[in-house]
Amino acid sequence: MRRYADYDRLDAVVISHMHADHFLDLIPLRYAVRYGSKRRENRLPVWMPPGGMQMLRSMTSVFTGEGNGDFLDEAFDLREFDPAKALPIGDGRLRFAPTTHFITSFAIRYERNGSSLTYSADTAPDARVVALARETNLFLCEATLLPGELEHGGVRGHSSSKEAGQMAADAGVERLVLTHYSQDASSDDLTAGARAIYKGDVTVADDHHILEI
Ligand SMILES: [Zn+2]
Ligand SMILES: [Zn+2]
């Protein structure tokens, strides 16, 4: 039987954009790396989008009384990625594409040994994300909007499950996993929305799901 703990190993963390729901988990993660289940010999590499380090450091500057005073640096090897360049991570590499969102945000493709995972980050339907996800094995795509939901002021920054299905179909991905969805959405509705367009395998991400590629 597969146990979650068997897969609970982090080689690196990559942050797509600096909205709080995408990086505040670094703060509890710092405790797990320093004292808990993710304790390790070396500091954990954490890759931030351009400008992200300064924002994170200004937030955590209030914690300077903890540890030896390097609240982040004693647990993390913090760096910023250059979205225009491929980034080697272990045996694999990352590539990035800008998304359509309310702040600068990057979709991320990870490739290793001929397998690939592409994460949409937060985005409205975007041809650059589709191009990055082209024929990827697993497309982890956001599906924030409920069917028929309009974004505030008509400015686009998120997708519905149907739009996630459209991006998956356009990119010819092998498998679609929906994430970043509303509490008000049922997994049946999310799956049905994506399947209206995309005819491949669709699943809905949840806590402790293990996805193999
Ligand atoms: Zn966001
Ligand atoms: Zn978000």
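Atoms within a ligand are numbered from 1 in the order they appear, just like the ligands themselves. Computed from heavy atoms alone, side chains included, the values below leave out hydrogens, waters and symmetry copies.
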Once rounded to 10°, what is the value of the angle centred on the Zn ion (ligand 1) between Asp122 OD2 and His101 NE2? 100°
Is the Tyr31 ring parallel, tilted or perpendicular to the Tyr35 ring (thresholds 30°, 60°)? tilted
With side chains defined as the heavy atoms from C-beta onward, is the minimum distance between Phe102 and His158 less than 4.5 Å? yes
Quick check on the Zn ion (ligand 1): does His17 put an N/O/S atom closer than 2.8 Å to it? yes
Give a yes-or-no answer on whether the side chains of Thr100 and Asp126 include a donor-acceptor pair shorter than 3.5 Å. yes
Within 2.8 Å of the Zn ion (ligand 2), is there any N, O or S atom belonging to His22? yes
Is Asp21 close enough to the Zn ion (ligand 1) to have an N, O or S atom under 2.8 Å? no
The Zn ion (ligand 1) has as its nearest N, O or S atom from His19 the atom ND1
Find the distance between CG (Leu178) and OH (Tyr198) and round it off to the nearest 0.5 Å. 10.5 Å
Using ring centroids (six-membered ring only for Trp), state whether Phe23 and His17 fall under 6.0 Å. no
